[in-house]
Asks: 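The structure's right below; bear with me while I get my questions together.
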Amino acid sequence: MTELAASRDGYGSALLSMSHDSKLVVLEADLGKSTKSCWFREKYPERTISCGIGEQNMMLVAAGLASSGFKPFASTFAIFTERAFEQVRNGICRPNLPVHICGSHGGTHTGTDGSSAQSIEDLAIYRSLPNMVVMHPCDDISTEILTSKLLDLKSPSYTRTARNKTPRIYSKDDSRIEIGKGVQLRNGSDVAIIACGVMVSKSLEAAELLSDKGIEAAVVDMHTIKPLDEELVKRLASECKFIVTVEDHSVIGGLGGAVAEYLSENIPTRMRRVGVRDRFGESGQAEEMLELLKISTNDIIKSVLEIKGMV
Amino acid sequence: MVLSRLNGLDDDDLVIELNEIARKCRVEIIKMVYRAQAGHPGGSLSEIDLLTALYSTQLRVKPDEPDWIERDRFILSKGHASPGMYAILAEMGFIQHSDLESYRVLGGICQGHVDMKFTPGVDFSAGSLGMGLSFGIGCAIASKFDNSDRECYVMLGDGEIQEGAVWEAMMAAKHHELDNLNVILDCNRIQNDDFVESQMRMFNIADKWLSFGWNVKEIDGHNMYEIIDGMRWLKSNKDAPSVLIANTIKGKGVSYMENNPKFHGAAPNEEQYELALKELGE
């Protein structure tokens, strides 16, 4: 039976698993209970810094700590990290300070809070910043593993996590998960579906349904958007000839944008981007959002059939 | 004390020495901005007496080891006033006087706005206003975590504190009781477009900081006796973060620049340059 888990829980677990490093410090902006940094606060209150509802201040406090040799992990909702964009740009990325930002509740999948809380542009925004590593893992286990690996990263990072539970993809001892390396979860040579975050499980679901129609799809968890695993994208393009990207994010500038940029310059390939088509969401359940914004399992299948000329 | 020759001087002799250092720095500020035909002379001239006293008498730093982990931190949040900082860094020996010629020049170590990636002795990459105090909080908390007595000094401008994020930081500094965090507020009453009073009235700045729980002291930012006292006061406070409100004159020391919004961000022409050097005793 499929186990369900929220990727934000992986962030909370990772902070606890890194607590042995005395330089680790955790920053919160009144959303620790949501991003799950509260688990760290409960055990290590002396190393958890409350910044109140003040994201701009939080990002730069983290930068100051990093400049003094600490390893700051700062979290809030994905959407509220964007409020501090210029602080991140000028105060963290420009001096290349290893501050690790976690934006939880990313994407439209966050649901009923409505469009003000549904960040659909965070990956694009942070991908545009020099020095920044950008990740969007698909489950709690990969989030925990990837977040733990940030401890040794010498540059800043942004990791988007999701609010809602989705199928767990990995087992705890999975050794394939590395920053900057996509993971091929399903083999197939008719089309490659490259997905991130909550859309990975949807892509696997779509692949099984496509198999019933005689189409064997490769499915890749591209948890790291930047740096993009170009070798893997190149191989998939060579082997499958058709690429479909899938993300709970705008089609502009995120995973689809990154893959399209790489392919068009290096190995022009027929592709489709499943993502939010330049619009905002609204209040609704997670699954309803995916339907409304045409990024559901059925929309993935439809894109594959379209690109294969089967509809 | 960075300059050993100042050790043991009484205050009268110290003030004479500091005023001479500041005068030399003013000359360098004018030269930098004139050579680049760009930059920010007004705020550099208003801050330089404060920077001179801070670096010469108070800041625990090692010019030959700029990354010394136990150094006090100085954050020039009003990073456009970089000529002032470069001048004092050269005077203290962090950089060479010849480096000042690289101000705003491609490949130079003296960037248009102070940048920790380019200049030895610069602890913060500034340029966008309202960011330095938050960064300073991070440095001050780090000092506490390390059980260190290193202090953090942040210089802000009075126009700069119109940025809302500064007030987030003022709250946070008190919330975390950072008595090792010290702000020097360069109140030169002029910002980019015009006088502060016409752009955004600030009313009683001291009352605002007091109401946020800070220790507050006001001084004449060009009276070296008051500045020295102010710096000692900053360091001695061990109960809350402290702000030294320094009333200054934008463009101080060059007659036509003083209190003149035009010289917030403009270079002198040749005639003005000669006049400035003459007025500064060169």
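Since the model is a prediction, treat every value here as computed from it, not as a measurement. We name chains A, B, ... by the order of the sequence lines, and we start the count at 1 in each one.
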Asks: Is there a donor-acceptor contact under 3.5 Å linking the side chains of Ser128(B) and Glu86(A)?
Replies: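 Yes, side-chain donor-acceptor contact under 3.5 Å.
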Asks: With side chains defined as the heavy atoms from C-beta onward, is the minimum distance between Met116(B) and Asn96(A) less than 4.5 Å?
Replies: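 The answer is no, as the side chains (C-beta and beyond) never meet within the 4.5 Å cut-off.
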Asks: Please check if atom CD in Glu265(A) has more than 12 non-hydrogen atoms from other residues, nucleotides or ligands closer than 6.0 Å.
Replies: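 Counting neighbours around CD of Glu265(A), 12 or fewer heavy atoms of other residues, nucleotides or ligands fall under 6.0 Å, so no.
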Asks: Counting heavy atoms not belonging to Leu153(A), are there more than 12 under 6.0 Å from its CG?
Replies: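 Yes, the 6.0 Å shell around CG holds more than 12 heavy atoms from other groups.
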Asks: Quick check on Ala63(A) against chain B: is it the side chain, the backbone, both or neither that has a heavy atom closer than 4.5 Å?
Replies: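 Contact with chain B: backbone and side chain both.
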Asks: With the side chain counted from C-beta on, respond yes when Leu97(A) and Phe135(B) share a heavy-atom pair under 4.5 Å apart, and no when they do not.
Replies: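 In short, these two side chains touch, coming nearer than 4.5 Å.
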Asks: Might you confirm whether atom CG of Asp64(B) has over 12 heavy atoms from other residues, nucleotides or ligands at distances under 6.0 Å?
Replies: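 Yes, CG of Asp64(B) has more than 12 neighbouring heavy atoms, counting only those of other groups under 6.0 Å.
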Asks: Answer yes or no: does atom CZ of Arg83(A) have more than 12 heavy-atom neighbours from other residues, nucleotides or ligands under 6.0 Å?
Replies: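 Not buried by this count: 12 neighbours or fewer within 6.0 Å.
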Asks: Looking only at heavy atoms and a cut-off of under 4.5 Å, which of Asp146(B), Asp115(B), Val166(B) has the most pairs with chain A?
Replies: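 Among Asp146(B), Asp115(B), Val166(B), the one with the most close pairs to chain A is Asp146(B).
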Asks: Taking the side chain from Glu168(B) and the backbone from Asn57(A), do they hold a donor-acceptor pair closer than 3.5 Å?
Replies: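 Here the side-chain-to-backbone pair exists.
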Asks: Heavy-atom cut-off 4.5 Å, strictly under: side chain, backbone, both or neither for Ala140(B) against chain A?
Replies: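 Contact with chain A is absent: no heavy atom of Ala140(B) under 4.5 Å.
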Asks: Strictly distance-based, threshold 3.5 Å: is any side-chain N or O of His175(B) a donor or acceptor partner for the main-chain N or O of Cys51(A)?
Replies: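 Checking the backbone N and O of Cys51(A) against the side chain of His175(B), no donor-acceptor pair under 3.5 Å is found.
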Asks: Walk me through it: do Phe145(B) and Val25(A) pass the test side-chain contact (heavy atoms from CB on, under 4.5 Å)?
Replies: CA-CA 10 Å; Phe145(B) 279 160; Val25(A) 289; 3.3 Å; yes
Asks: Looking only at heavy atoms, which two atoms of Arg94(A) and Ala126(B) are closest? And how far apart?
Replies: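 The answer is NH2-O, 3.0 Å.
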Asks: Rounded at 0.5 Å granularity, tell me how far CD1 in Ile75(B) sits from CG in Leu60(A).
Replies: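 That separation rounds to 10.0 Å.
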Asks: If you count heavy atoms of other groups shown closer than 6.0 angstrom to NZ of Lys181(A), is the number above 12?
Replies: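 12 or below, so no.
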Asks: Is any side-chain heavy atom of Arg73(B) closer than 4.5 Å to a side-chain heavy atom of Ser68(A)?
Replies: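 Side chain of Arg73(B) against side chain of Ser68(A), heavy atoms only: contact under 4.5 Å found.
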Asks: I'd like to know whether CD of Gln96(B) has more than 12 heavy-atom contacts from other residues, nucleotides or ligands below 6.0 angstrom.
Replies: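 It does not: Gln96(B) CD has 12 such atoms or fewer within range.
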